[in-house]
K.L.:
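There's a structure below that I have some questions on.
A, B, ... follow the sequence lines: proteins, then strands. Residue 1 opens every chain.
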Amino acid sequence: MIGDLLPIAQAAGEVSQPYLLEARQMQALSLGVHIPLVCFGIAFPAMVLFTEWLHIRTGDVVYRTLAKRWSKVMLILFAIGVVTGTILSFELGLLWPGFMEQWGEVFGFAFAIEGLFFFCEAIFIAIYVYGWDRLSARAHFLSGIPIVVSGVGGSLSVIAVNGWMNNPQGFDLSASGEVTDVRPFEALFNPNLWHEEVHMYTAGLIVASALVAAVYAVAWLRGRRDRYHRAGLIIPLAVLALAAPAQLVIGDWAARTVAEEQPTKLAAMEGLDQTTEGAGLTIGGVYADGEVYGGVTIPDLLSLLAFHDPGATVEGLDAVPADDRPPVGWVRNSFQLMVGIGTGLAALAAWFLWMRWRRGSLPATKWFYRAVAVAGPLSVVALIAGWIVTEVGRQPWIVYELMRTEEAVTGAEGIPIGYATLVAVYVGLAAVALFMLRRLARTPPEVEAAPGAAGTEVLP
Amino acid sequence: MLADLALAVLVVALAAYAVLGGADFGAGFWDLTAGGAERGARLRGLVKQSMGPVWEANHVWLIVVLVVLWTCFPRAFGPLMETLYVPIFLAAVGIIFRGAAFALRGEAATIAEARALGATFALSSLLVPFFLGCAIGAVASGAVPAEGDAGDPFSSWTGGTAILTGVLAVASCAYIAAIFLAADSVRAGLPDLTEALRRRALGAAVVAGALAIGGLAVVEADAPDLFDGLTSGGGLAMVIASALAGVVTVGLVWTSRFEPARYTAALAVGTILAGLALAIRPDFLPGELTFEQAAAGDATMIATLIAVALALAVIIPSLVLLFRLKLRGKLGEEFHPITTGDGEKR
């Protein structure tokens with residue numbers, strides 16, 4: 001049915017923009033900066049609150065010191081996320097005015113819901129972080145709960161928009177290509193919503209836990225092995241141990257949905273040129289110039305994974321005209337990278353769980369801590385690679401099979417200037433933020449309490 | 001009807017941003033002009049104490065404005081962005097610098113760092129309201145075409161009305177901030193700062209008032225339709241209300257009654273924004289597109305308005321809680337002068 005509407009939608013306004021690729025890179029850059037920060041806004045609060053709960057339950061001051069320290073990091077990263085998120089809101093209009101003009105009324109409702117959660121989070125994160133020594137223990141813990149709820153709700157509503165771009169519905173198109181009869185709830189609860197949200201929230205848990213664990217693993221390697229650092233390592237590792245293996249199962253669910261809803265994207269993810277019955281899966285290797293170099297091919301596995309049937313037919317890239325195919329190299333290589341890192345994280349989690357279960361302790365070998373230290377940055381790489389799969393895999397469409405990215409782009413001049421400015425701003429921002437966070441990490445925890453605040457905590 | 005309701009939401013959210021976010025921007029202005037490291041230390045400390053817990057929440061009003069704009073008025077949002085991308089991009093860059101510099105300033109350990117971050121924060125605090133003000137002035141003066149080629153990327157927002165609105169936005173931020181900071185300094189028991197801020201508030205009020213009155217002549221020459229809208233009917237009523245609220249505020253500040261002055265100052269800003277909206281109504285992009293034409297379909301409008309109503313039902317009590325905790329000193333920022341930053345004192 002959507003195919004019938006296609007020529008109409010394509011007929012809608014066409015602007016000439018010689019810098020379409022730069023506009024896409026600019027958007028990708030902003031998303032790439034924002035998404036890792038988001039992990040600390042949506043998933044990290046649950047870890048902080050869990051740690052505070054450990055303090056309330058055990059009375060152990062180490063947990064309180066950790067939760068307080070982490071909450072400061074959470075606030076700094078949330079604040080930076082607030083501004084990078086604002087940039088994204090502006091860019092939607094600055095770079096893609098055609099997209100907003102035609103479709104804003106269909107998916108905009110999801111952003112209105114997101115605004116509600118975002119507001120709640122901004123309010124309660126302030127109460128939580130600034131209220132440590134002033135509110136009662138109970139009131140303080142309770143003030144953290146809306147942050148966790150808002151993190152889930154906020155990510156759900158933003159993901160709803162992305163899910164909708166990949167699987168647009170909840171409206172009709174008139175003969176002249178105008179959007180009519182918008183059904184906002186149908187647009188919000190599109191079929192891509194649930195797997196994308198669960199996949200992203202779990203990714204948020206993985207990135208936040210792996211990065212935090214990496215910081216304490218480095219400290220461990222440098223010989224700081226007191227109870228504070230030990231707890232700071234074990235709590236995120238426990239979260240990672242739950243999230244990383246679960247992500248493998250969730251990823252399978254996501255890929256099966258893509259196989260059904262966006263077969264061309266799946267074909268690009270696997271580098272499958274021809275529609276194939278009983279398609280094999282090539283693990284590893286690099287895709288370039290229409291071919292996969294290297295890698296191991298297992299017969300029928302792709303059909304089995306995508307449709308749970310080894311003989312199933314998997315649609316290849318040849319099913320759509322060359323103009324309608326995404327850049328396969330980017331999509332396939334990013335997908336391999338994400339799956340590879342995800343599998344490695346799950347293996348690391350298994351190592352940690354095995355040692356806890358068999359010995360009741362952390363592994364003794366330095367290689368474990370080195371692996372954790374590397375896992376942090378790698379988890380961010382996997383996160384961004386995953387978003388490249390979703391976003392580049394949707395190309396050339398901004399609204400899948402309804403509006404091409406080139407139809408949505410602004411006709412404005414000066415995109416290279418804007419792009420260069422933004423690169424400079426983000427590089428500067430990253431340098432300053434890293435510098436400041438490193439210093440926060442070096443401040444000894446004993447003197448963390450603010451001057452004049454109720455008592456300075458001394459570690460046992 | 002639905003378009004009018006959505007417009008009302010837009011004006012209220014914009015007014016909330018202009019008042020609450022504006023107080024934070026204006027605080028940056030006073031931070032910038034506070035003087036050398038020693039002389040300005042106490043005022044800078046007050047700015048930090050006062051803004052710390054609330055600025056993120058205040059900033060969210062801008063997101064509300066954007067979301068309501070593109071969801072409820074998508075056919076105005078597209079053209080608006082295609083013409084006014086220069087000031088809007090510059091405002092966006094200002095927002096990054098300002099937020100990041102403020103968030104990180106608390107971690108500064110040396111005077112050089114504190115100065116660099118403080119200056120970044122303060123300077124960008126001027127740029128954001130200026131450019132956003134220019135964009136609003138450009139829309140109101142009819143510089144944004146709805147169809148066909150976009151307006152000129154520079155001359156569209158550098159006309160008299162647009163620049164005036166930008167400068168007025170900076171002045172009104174400074175004026176609101178001085179009043180809010182003065183009220184906070186009373187609560188914090190810092191009488192020397194109270195007096196300094198009282199004088200600043202009166203000075204800013206004179207400047208903002210003079211700009212507003214003198215500016216009418218600029219508007220008459222540059223955007224006669226807007227001038228007519230502001231000097232007749234609902235537009236005129238709002239302009240008069242704003243002027244009265246401004247005069248009452250000056251009286252309250254003169255007599256050092258800063259708490260009620262917060263509300264009358266907010267009223268003065270809110271009414272002038274409502275006046276602008278009434279002056280251009282029924283058009284959104286004057287001479288080009290009405291609010292009705294720009295509006296989304298009924299289902300979207302109704303769903304969004306219900307979502308906004310629900311959101312307000314949750315957010316207003318939460319905001320009241322946040323501001324009450326802050327005013328009661330339940331949120332931990334202690335007052336201490338900023339000279340070398342906090343790091344060294346730890």
K.L.:
A quick test of your reading: do over 12 heavy atoms of other residues, nucleotides or ligands sit less than 6.0 Å from CD1 of A:Ile417?
P.N.:
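Check fails, neighbour count at 12 or below.
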K.L.:
Quick one: CG on A:Leu95 to CZ on B:Phe89, what's the gap to the nearest 0.5 Å?
P.N.:
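So the CG of A:Leu95 and the CZ of B:Phe89 are separated by 8.5 Å.
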K.L.:
Going from OG1 on A:Thr421 to CG on B:Leu90, what distance comes out if it is rounded to the nearest 0.5 angstrom?
P.N.:
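Answer rounded to 0.5 Å: 8.0 Å.
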K.L.:
Show, in sequence, the C-alpha distance, side-chain angles and deciding distance for A:Leu135 and B:Leu325, and conclude whether the side-chain contact (heavy atoms from CB on, under 4.5 Å) test is met.
P.N.:
CA-CA 9 Å; A:Leu135 300 173; B:Leu325 287 173; 4.0 Å; yes
K.L.:
Which region of A:Phe78, side chain (C-beta onward) or backbone (N, CA, C, O), has a non-hydrogen atom less than 4.5 Å from a non-hydrogen atom of chain B, or is it both or neither?
P.N.:
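Side chain only.
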K.L.:
Measure across A:Phe124 and B:Ser318 and return the closest heavy-atom pair with its distance rounded to 0.1 Å.
P.N.:
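Nearest heavy atoms, A:Phe124 then B:Ser318: CE1-OG, 3.6 Å.
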K.L.:
What is the distance from atom CG of B:Leu62 to atom OG of A:Ser89, rounded to the nearest 0.5 Å?
P.N.:
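Answer rounded to 0.5 Å: 8.0 Å.
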K.L.:
Examine whether an atom of A:Glu413 lies under 4.5 Å from a heavy atom of chain B, and if so say whether it belongs to the side chain, the backbone or both; otherwise answer neither.
P.N.:
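Both parts, backbone and side chain.
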K.L.:
Got a sec: does the CZ of A:Phe141 have more than 12 other heavy atoms crowding it under 6.0 Å?
P.N.:
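More than 12 heavy atoms, drawn from other residues, nucleotides or ligands, come within 6.0 Å of this atom.
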K.L.:
Side chain, backbone, both or neither: which part of B:Val314 has a non-hydrogen atom closer than 4.5 Å to chain A?
P.N.:
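Side chain only.
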K.L.:
At a 4.5 Å cut-off on heavy atoms, which part of B:Phe97 comes close to chain A: side chain, backbone, both, or neither?
P.N.:
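When you check distances to chain A, only side chain atoms of B:Phe97 fall under 4.5 Å.
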K.L.:
Among B:Val68, B:Ile88, B:Val86, which residue has the highest count of heavy-atom pairs closer than 4.5 Å to chain A?
P.N.:
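With the most close heavy-atom pairs to chain A, the winner is B:Ile88.
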K.L.:
Heavy-atom count around A:Glu22 CD within 6.0 Å, excluding the residue itself: above 12?
P.N.:
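Check passes, neighbour count above 12.
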K.L.:
Quick one: of A:Gly98, A:Pro146, A:Ala122, who has the most non-hydrogen atom pairs under 4.5 Å with chain B?
P.N.:
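Maximum pair count with chain B is reached by A:Ala122.
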K.L.:
Could you state the interatomic distance from CD1 (A:Ile127) to CG (B:Leu322), rounded to the nearest 0.5 Å?
P.N.:
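It is 5.0 Å, given to the nearest 0.5 Å.
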K.L.:
How close do A:Phe109 and B:Ala303 get, heavy atom to heavy atom, and via which atoms?
P.N.:
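Between these two residues, the closest heavy atoms are CE1-O, 3.3 Å.
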K.L.:
Quick one: does A:Phe119's side chain get under 4.5 Å of B:Val64's, heavy atoms only?
P.N.:
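Yes, close enough: below the 4.5 Å cut-off.
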K.L.:
Count the heavy-atom pairs under 4.5 Å between each of A:Thr86, A:Asp181, A:Val82 and chain B, then report the option with the highest count.
P.N.:
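Ranked by heavy-atom pairs under 4.5 Å with chain B, first place is A:Thr86.
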K.L.:
Quick one: closest heavy-atom pair of A:Gly93 and B:Phe77, and the distance?
P.N.:
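Nearest pair, atom of A:Gly93 first, then B:Phe77: CA-CE2, 3.5 Å.
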K.L.:
At a heavy-atom separation under 4.5 Å, does A:Thr84 approach chain B through its side chain, its backbone, both, or neither?
P.N.:
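Looking at A:Thr84, nothing touches chain B.
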K.L.:
With a 4.5 Å heavy-atom cut-off, do B:Thr300 and A:Val106 have their side chains touching?
P.N.:
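The answer is no; the side chains never approach within 4.5 Å.
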K.L.:
Locate the shortest heavy-atom distance separating B:Ala307 from A:Ile113; write the atom from each residue and the value.
P.N.:
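Here B:Ala307 and A:Ile113 meet closest at CB-CD1, 4.3 Å.
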K.L.:
Are any of the side-chain heavy atoms of A:Thr410 and B:Met81 separated by less than 4.5 Å?
P.N.:
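Heavy-atom side-chain distance check fails, nothing below 4.5 Å.
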K.L.:
Heavy-atom distance under 4.5 Å to chain A: side chain of B:Ile63, backbone, both or neither?
P.N.:
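Just its side chain gets close to chain A.
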K.L.:
In sequence, state the C-alpha distance, the side-chain angles, and the governing distance for A:Phe107 and B:Thr71, and then conclude on side-chain contact (heavy atoms from CB on, under 4.5 Å).
P.N.:
CA-CA 8 Å; A:Phe107 62 75; B:Thr71 308; over 6 Å; no
K.L.:
Can you find a heavy atom in the side chain of B:Ile96 that is under 4.5 Å from one in the side chain of A:Ile87?
P.N.:
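They are in side-chain contact.
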K.L.:
Can you say whether A:Leu429 sits under 4.5 Å from chain B via the side chain, the backbone, both, or neither, judging by heavy atoms?
P.N.:
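Side chain only.
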K.L.:
Against chain A, label B:Leu312 side chain, backbone, both or neither, depending on which of its atoms sit under 4.5 Å from a heavy atom there.
P.N.:
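No part of B:Leu312 comes within 4.5 Å of chain A.
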K.L.:
Please report the closest heavy-atom contact between B:Ala296 and A:Glu105, naming both atoms and the distance.
P.N.:
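Looking at all heavy atoms of both residues, the closest pair is CB-CB, 3.2 Å.
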K.L.:
Which answer fits B:Ile315, side chain, backbone, both or neither, if we ask what part of it has an atom under 4.5 Å from a heavy atom of chain A?
P.N.:
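Contact with chain A is through both the backbone and side chain of B:Ile315.
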K.L.:
In the structure I gave you, are the side-chain heavy atoms of A:Pro97 and B:Glu82 within less than 4.5 Å of one another anywhere?
P.N.:
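Yes, side chains in contact.
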K.L.:
Would you mind reporting whether A:Glu101 and B:Pro79 have side-chain heavy atoms less than 4.5 Å apart?
P.N.:
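Counting from C-beta outward, B:Pro79 and A:Glu101 do come under 4.5 Å.
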K.L.:
Could you report the tightest heavy-atom contact between A:Ala412 and B:Tyr85, atom names first, then the distance?
P.N.:
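Taking every non-hydrogen atom into account, CB-CE2, 3.1 Å.
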